[in-house]
Amino acid sequence: FLSHSCDISRTGVYGRGEKMDIGKRIKQRRVELKMSADTLANKIGKDRSTVYRYESGSITKLSADMLEPLAAALDTSPAHLIGLDKWEES
């Protein structure tokens, strides 16, 4: 399903035709969970600065090995993060 790395600058359709890139989806989900960048960084074994670089799009390649734990830490799916589906809150 996923190649070795995913272009983090890739955009997907979110909501009503609004485009959102992976970094924005990471940040949006983190904020929805009221999770600090430090907490997310600790959960995925990275530095806070790396989380901020994912969110800002400074890191343009996200490995498939990092996508799974990132999605798990954000309580979502890898498909949502890369824009293949829309997150629906229940």
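What's counted below: heavy atoms across the whole structure, side chains too, no hydrogens, waters or symmetry copies.
- Scanning for side chain to side chain contact (heavy atoms under 4.5 Å, CB included) contacts around Thr39 gives Met35, Ser36, Lys43, with sequence neighbours left out.
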Given Tyr54 and Ile44, is the side chain to side chain contact (heavy atoms under 4.5 Å, CB included) satisfied, shown in steps?
CA-CA 12 Å; Tyr54 287 152; Ile44 63 172; 4.2 Å; yes

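- A donor-acceptor pair under 3.5 Å is formed between the side chain of Asp21 and the backbone N or O of Lys24.
- Interatomic distance, NE2 of His80 versus CG of Leu74, reported as 8.5 Å (0.5 Å rounding).
- When all heavy atoms are compared, the tightest approach of Ala71 to Ser77 is CB-C, 3.6 Å.
- Atoms CZ and CG, on Arg48 and Leu40 in that order, are 12.5 Å from each other to the nearest 0.5 Å.
- Atom CG of Asp38 is separated from atom OH of Tyr52 by 6.5 Å, given to the nearest 0.5 angstrom.
- The distance from the CZ atom of Arg29 to the CZ atom of Arg25 is 13.5 Å, given to the nearest 0.5 Å.
- Scanning for side chain to side chain contact (heavy atoms under 4.5 Å, CB included) contacts around Lys27 gives Arg30, Val31, Glu55, with sequence neighbours left out.
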Test Leu70 against Leu62 for side chain to side chain contact (heavy atoms under 4.5 Å, CB included), laying out the working first.
CA-CA 10 Å; Leu70 190 54; Leu62 184 61; 4.0 Å; yes

